[in-house]
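Written out below as structure tokens is the structure these notes cover.
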Amino acid sequence: MLTYLMKTRPGQFLLTGIIFIVLGFIFTQINETYSTYAFYVAIFFLGFYAAKDAVVDTIQSKSPNVDLLMILAALGAVLIDYESEGALLLLIFAGAEVLEDYASDKSTSAISELMAQVPATAQVLKENGEIHEVPTKELRVGDTVVVTKGEQIPIDGYTDRKTLVNEAALTGESVPVEKDTGDEIFAGTINEGNVVHLTVNKLSSETVFSNIIRMVEEAQNRPSKISKFIDRIEAKYVIGVLVAVPIFIFILYAFQDFTFQESFYRGMVLLTVASPCALVASATPATLSAISNGAKNGVLFKGGAAMEALSTMDVLYSDKTGTLTYGEFQVTDYEVDEDILKEVVYMEQQSSHPIADAIVNTFPELDLDKVDQTEAVEEVAGSGVQKGDIMVGKPSAFDSFEDVNGYRSKVMEGNTMVFVGKGNEIVGYFSLADQVREESKQAIDGFQKEGIHVSLLTGDNELVAKKVAEEVGIDEYVASCLPEDKISYVNDSQKKGKVVGMIGDGINDAPALANADIGIAMGSGSSVAMESADVVIVKNNLAKLFYSFKLSHKLNRIILGNVVFSIAVIITLIILNLFGLLNLPMAVVFHEGSTILVILNGLRLLLAGEQAPRV
């Protein structure tokens with residue numbers, strides 16, 4: 001904390017003010033004039049930033065703020081020769097402000113930690129064979145970057161050879177992933193294979209990591225609902241205090257036989273204790289701390305409202321592939337003519353779906369030279385892909401097709417089936433199996449114990465949906481869902497007054513994520529899904545989402561406690577002042593002390609990460 005004070009200008013002003021306050025009290029016993037001047041200097045340094053904020057914010061927003069009340073209270077104390085009290089008031093107020101800045105700085109350190117995972121420079125291979133070190137941000141699409149064994153990958157791109165990549169920073173999976181020639185590897189991950197040449201396919205501002213950093217930055221600028229409410233009432237409250245204090249002084253002077261100095265003194269006490277400093281600080285430091293905590297634990301919230309809303313969730317809908325399961329399919333059985341197989345593999349090369357990847361990876365040596373690659377491959381939303389009269393997709397898309405070979409009877413319980421159609425006939429099939437994530441079971445069990453209704457929405461067939469639902473412990477599931485079906489389920493629950501969460505990772509999940517009250521995307525999913533969501537699980541660990549759900553509850557409890565405490569302190573101090581039982585030094589200590597307590601209470605959320613589930 002001392003280091004933070006020394007390196008920031010507000011911190012330096014605070015320390016200087018403290019020194020002159022100490023000198024002021026020392027000179028009180030030696031020379032009254034020197035003491036007064038020391039307190040004046042202290043007031044200048046301690047009140048500088050508050051005065052600046054009071055003037056600038058009041059002019060820009062055309063409405064007064066809490067800083068203005070504190071400056072007026074301090075100046076009022078000086079006018080009636082209570083310089084020491086004015087200096088103490090600004091000391092504790094400036095201390096609370098610096099502490100709040102410290103909370104913001106700690107929360108933004110999550111961004112610094114993320115940025116540190118991406119190298120600032122890259123080794124670029126030039127056409128003449130020379131290697132030049134250049135800043136990562138200057139890389140352009142098409143550049144060739146050399147990444148040696150053990151190095152962090154500086155930017156997203158395609159590898160020119162087989163290698164092993166540790167993607168733990170992105171996915172949380174500690175086991176390195178084998179990447180083949182032409183596969184995409186990502187910034188921030190580590191090359192554990194031999195040296196590779198990486199063809200850059202994205203600018204540094206477009207990589208997965210840069211998107212994560214941007215989301216954290218945006219989140220810190222999106223206040224929660226209660227923060228917005230407090231911000232809305234702040235100006236009106238301050239105006240009310242500014243009107244009430246002169247009236248209070250006048251009543252004491254005109255009707256209570258107080259001298260003007262006594263009346264003004266009591267007015268300054270009222271101005272101090274009625275200021276909503278603690279109330280204003282009730283939500284923001286706590287929310288920033290919670291967002292930072294989530295970021296450190298691999299869950300990104302796009303603002304305080306999303307963090308705040310998570311605890312109110314009643315219903316949670318979840319996609320299956322890549323969400324509850326790894327999405328790493330393997331072909332366990334297939335039957336299709338070789339010529340058609342070549343067409344299928346070519347078609348699936350145009351798709352990024354995990355099932356398409358599995359089919360392509362099963363036949364790496366297949367010669368596709370004779371496949372007509374001039375004809376367009378079109379995606380049939382929620383069903384599959386099509387090229388001319390050949391279609392590959394889920395069984396439900398082939399209900400009107402003839403099945404002369406009895407391929408429909410080949411459906412294996414718990415496996416994902418893909419049919420191949422030509423014309424109006426089913427001419428082949430692929431049977432694939434996926435694996436359920438162990439942490440999915442833990443998270444689903446945790447949510448259900450908290451009274452949240454969890455339902456599986458999947459485009460897969462009935463048998464696969466049933467098997468996965470049973471494995472993770474979900475009682476309700478809906479198979480063969482199209483994107484519009486998922487939206488319907490979300491909207492129907494919302495019409496019943498439920499707060500709905502939706503987890504997904506694919507392009508087809510994006511509409512449902514956008515429609516849900518809380519859209520939750522997997523970090524390994526499509527960029528469209530992440531853009532549509534309110535929450536992103538960076539490391540694909542649903543157990544971390546459940547941890548964030550509990551953290552959201554804790555955040556709301558802390559904010560509510562802070563608000564109740566702040567209001568109680570203000571009311572109590574106002575009542576004590578009305579009865580003449582409170583002097584200015586005690587008012588300063590109790591009022592500004594409550595502000596510091598509120599900020600410290602919010603900062604506790606920074607430490608809650610010690611209990612976060614590990615991958």
Side-chain angles (χ1 to χ4, degrees), residues 111-215 298 322 326-328 348-354 356-358 360-361 364-365 368 505 522-531 536 538-540:
I111 297 176
S112 301
E113 290 173 12
L114 286 171
M115 292 180 71
Q117 296 188 55
V118 179
T121 60
Q123 305 294 323
V124 176
L125 179 65
K126 298 296 184 179
E127 291 182 0
N128 61 6
E130 294 182 359
I131 296 177
H132 293 260
E133 184 174 272
V134 301
T136 303
K137 62 183 180 181
E138 294 182 6
L139 293 174
R140 294 292 175 261
V141 175
D143 284 350
T144 300
V145 174
V146 179
V147 184
T148 59
K149 183 174 183 177
E151 270 193 337
Q152 278 190 312
I153 295 162
I155 200 162
D156 292 3
Y158 301 114
T159 177
D160 71 332
R161 68 199 70 180
K162 283 187 177 182
T163 188
L164 285 177
V165 177
N166 187 328
E167 296 184 335
L170 277 179
T171 66
E173 303 297 337
S174 57
V175 178
V177 179
E178 185 174 305
K179 298 288 185 175
D180 209 339
T181 303
D183 285 350
E184 186 174 19
I185 53 181
F186 304 102
T189 59
I190 299 173
N191 176 31
E192 294 193 354
N194 294 321
V195 62
V196 298
H197 291 174
L198 179 70
T199 303
V200 177
N201 68 337
K202 293 174 188 171
L203 300 178
S204 63
S205 60
E206 299 170 344
T207 65
V208 173
F209 252 106
S210 65
N211 285 333
I212 290 171
I213 293 167
R214 177 177 51 79
M215 283 188 282
Y326 286 101
E328 297 173 358
E348 297 291 27
Q349 284 180 344
Q350 319 309 311
S351 174
S352 60
H353 195 281
D357 290 340
V360 172
N361 292 335
E365 308 300 330
L368 305 181
D505 72 325
M522 304 298 278
S524 62
S526 69
S527 58
V528 176
M530 285 192 281
E531 289 293 335
V536 177
V538 179
K539 296 187 177 181
N540 301 332

Determine yes or no for a side-chain-to-main-chain donor-acceptor pair under 3.5 angstrom, with Asn191 supplying the side chain and Asn194 the backbone.
->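 It does hold such a pair.
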4.5 Å side-chain heavy-atom contact, [X] and [Y]:
X: Thr121; Y: Val134; result: no
X: Lys179; Y: Lys162; result: no
X: Val145; Y: Val200; result: yes
X: Val165; Y: Ile190; result: no

Minimal non-hydrogen separation, [X] against [Y], with atom names:
X: Asp156; Y: Ala187; result: OD1-N, 2.8 Å
X: Thr163; Y: Gly193; result: OG1-CA, 3.3 Å
X: Ser351; Y: Asp357; result: O-OD1, 4.0 Å

So how far is it from [X] [atom1] to [Y] [atom2], rounded to the nearest 0.5 Å?
X: His197; Y: Leu125; atom1: NE2; atom2: CG; value: 5.5 Å
X: Ile185; Y: Asn201; atom1: CD1; atom2: CG; value: 9.5 Å
X: Gln152; Y: Thr189; atom1: CD; atom2: OG1; value: 8.0 Å
X: Leu198; Y: Ile153; atom1: CG; atom2: CD1; value: 7.0 Å

Would you please say whether a donor-acceptor pair under 3.5 Å links the side chains of Thr159 and Asp183?
->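 No, Asp183 and Thr159 have no side-chain donor paired with an acceptor closer than 3.5 Å.
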Counting only heavy atoms not in Asp180, do more than 12 sit closer than 6.0 Å to its CG atom?
->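 Counting other residues, nucleotides and ligands, CG of Asp180 exceeds 12 neighbours.
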Can you list the steps and then say if Leu139 with Val124 is a side chain to side chain contact (heavy atoms under 4.5 Å, CB included)?
-> CA-CA 8 Å; Leu139 293 174; Val124 176; 3.4 Å; yes
Sequence neighbours excluded, every pair satisfying side-chain hydrogen bond (donor to acceptor under 3.5 Å, both in side chains) that has a member inside residues 134-149 |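 side-chain hydrogen bond (donor to acceptor under 3.5 Å, both in side chains) check on residues 134-149 returns Thr148-Glu151.
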Note: Lys202-Glu184 ion pair, threshold 4.0 Å (strictly below) =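 Here Lys202 pairs with Glu184 in a salt bridge, since their nearest N and O are under 4.0 Å apart.
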Begin from the C-alpha positions of Val195 and Val147 and carry the test side chain to side chain contact (heavy atoms under 4.5 Å, CB included) through to its verdict.
-> CA-CA 6 Å; Val195 62; Val147 184; over 6 Å; no
